[in-house]
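Taking it in order: structure first as structure tokens, then the write-up.
All figures in this text were calculated on a predicted structure; none of them were measured in a lab. Computed from heavy atoms alone, side chains included, the values below leave out hydrogens, waters and symmetry copies. Residues take their numbers from the sequence shown, with the count starting at 1.
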Amino acid sequence: MHYLVFLGSTRTEGAPQPTRLGWRVAQACLRLLAERGVRTTLVDPLKVPREENFRPHFSYPKGRVPEALDTLAGQIRSADGYVMISPEYNHSMSPALADLLNHFGSSLFAYRPSAIVSYSAGQWGGTRAAVAMRAFLSELGCLPVSAMIHVPRAGEVLTGDGDFSAGEDGEAWSGYFGRTFSQLAWWAEACQAQWERRDPASVTPAFQHDPSQRNAP
């Protein structure tokens with residue numbers, strides 16, 4: 001199995017401190033998935049250059065797609081599942097994560113599962129953002145598994161390297177993350193087997209060039 005782990009944080013300065021708590025959460029996810037034998041690739045929005053004016057990957061003429069977007073599109077297409085990590089902004093998901101994901105069409109994500117991981121500096125753990133992400137990810141076609149991971153007080157729970165802090169019950173936290181990752185693995189294996197049996201494009205062809213391909217008659 002190979003998962004893409006999307007980090008939904010780009011804030012490197014300002015309050016609250018410490019910044020980029022999502023980095024700690026992502027490192028914890030990468031470590032725990034590696035312990036399960038899963039290959040992972042971290043997708044950091046700070047390392048995916050995009051044009052100032054929004055332009056999605058699929059709107060570029062063939063051969064003129066920026067290399068960073070084209071590389072990520074290929075990674076999305078070939079992954080077996082996705083882990084989406086987000087803080088909460090105005091009771092919704094991270095604008096940085098939404099912007100990055102909106103650069104790609106649902107045909108790249110479809111028929112693969114995803115897991116939602118949210119976090120906060122305070123006590124709520126980004127739960128409202130996580131609930132909002134369900135609709136977003138479902139529209140992309142990478143249906144989220146039912147179990148979600150919420151990390152309140154992420155700056156206290158996790159060290160800068162993504163390990164569980166000395167005052168935390170690391171075994172309990174690992175089990176909590178593991179419940180979601182076990183569901184993700186089950187669905188990823190099921191989807192992989194189904195992909196080998198039947199091309200999803202034969203079920204619902206991808207929207208390519210004209211809205212009439214999916215409009216009501």
Side-chain angles (χ1 to χ4, degrees), residues 2-10 22 26 29 41-45 48 50-51 53-60 65 68-119 125-150 180-181 183-188 190-192 194-195 198-217:
H2 175 224
Y3 300 158
L4 293 188
V5 178
F6 284 84
L7 172 58
S9 170
T10 56
C29 290
T41 299
L42 179 64
V43 181
D44 185 343
V48 183
R50 301 179 293 285
E51 291 188 1
N53 294 321
F54 179 84
R55 186 172 185 180
H57 170 267
F58 50 79
S59 72
Y60 286 89
V65 184
L69 285 185
D70 216 27
T71 297
L72 183 50
Q75 292 174 326
I76 293 170
R77 185 183 291 109
S78 63
D80 297 301
Y82 314 99
V83 177
M84 305 292 187
I85 303 172
S86 179
E88 183 174 316
Y89 283 79
N90 295 323
H91 296 189
S92 193
M93 66 189 290
S94 157
L97 180 59
D99 175 78
L100 181 59
L101 297 177
N102 276 328
H103 276 79
F104 304 96
S106 60
S107 59
L108 296 183
F109 291 93
Y111 299 97
R112 299 175 182 87
S114 61
I116 295 172
V117 182
S118 65
Y119 64 92
T127 52
R128 292 167 296 197
V131 170
M133 288 170 69
R134 284 197 177 280
F136 188 100
L137 296 175
S138 295
E139 182 60 27
L140 276 184
C142 53
L143 302 182
V145 300
S146 64
M148 297 188 287
I149 297 169
H150 312 300
T180 297
F181 292 154
Q183 286 192 3
L184 183 62
W186 193 96
W187 281 107
C191 289
Q192 188 182 69
Q194 187 66 6
W195 270 87
R198 188 176 185 187
D199 183 354
S202 66
V203 181
T204 52
F207 170 51
Q208 296 289 348
H209 53 79
D210 191 287
S212 64
Q213 290 179 281
R214 60 182 179 186
N215 281 355

Fill in the blank from the handout: Rounded to the nearest 0.5 Å, the CZ atom of Phe109 sits from the CG atom of Leu4 at a distance of 8.0 Å
Handout entry: Heavy-atom donor-acceptor pair, Arg112 side chain to Ala110 backbone, under 3.5 Å
Key = yes
Exercise for the section: Starting at NE2 of His150, measure out to CZ of Arg128 and round the result to the nearest 0.5 Å. Expected result: 12.0 Å
Practice task
Could you tell me whether the side chain of His103 reaches within less than 4.5 Å of the side chain of Leu72, counting heavy atoms only?
Solution key: no
Problem - Leu137 CG to Ser106 OG distance, which is reported to the nearest 0.5 Å - result: 12.0 Å
Practice task
Examine the side chains of Ser118 and Glu88 and answer whether a donor and an acceptor come within less than 3.5 Å of each other.
Solution key: no
Problem - Short side-chain to backbone donor-acceptor contact, Asn102 and Ala98, under 3.5 Å - result: yes
Practice task
Verify, without hydrogens or angle tests, whether Arg134 (side chain) and Ser146 (backbone) share a donor-acceptor contact under 3.5 angstrom.
Solution key: yes
Problem - Tyr119 side chain vs Ile85 backbone, donor-acceptor pair below 3.5 Å - result: no
Problem - Distance (rounded to the nearest 0.5 Å) between Ile116 CD1 and Met84 CE - result: 9.0 Å
Handout entry: Where Phe104 and Leu140 come nearest, the two heavy atoms and their spacing
Key = O-CD2, 4.1 Å
Exercise for the section: Look at the side chain of Gln183 and the backbone N and O of Val145, then say whether any donor-acceptor pair between them is shorter than 3.5 Å. Expected result: no
Exercise for the section: State whether the side chain of Ser86 and the backbone N or O of Gly8 hold a donor-acceptor pair below 3.5 Å, judged by distance alone. Expected result: no
Completion exercise
Value for OG (Ser94) from CZ (Phe6), rounded to nearest 0.5 Å, stands at 12.5 Å
Practice task
For Arg50 and Leu100, indicate whether the former's side chain and the latter's backbone hold a donor-acceptor pair under 3.5 Å.
Solution key: no
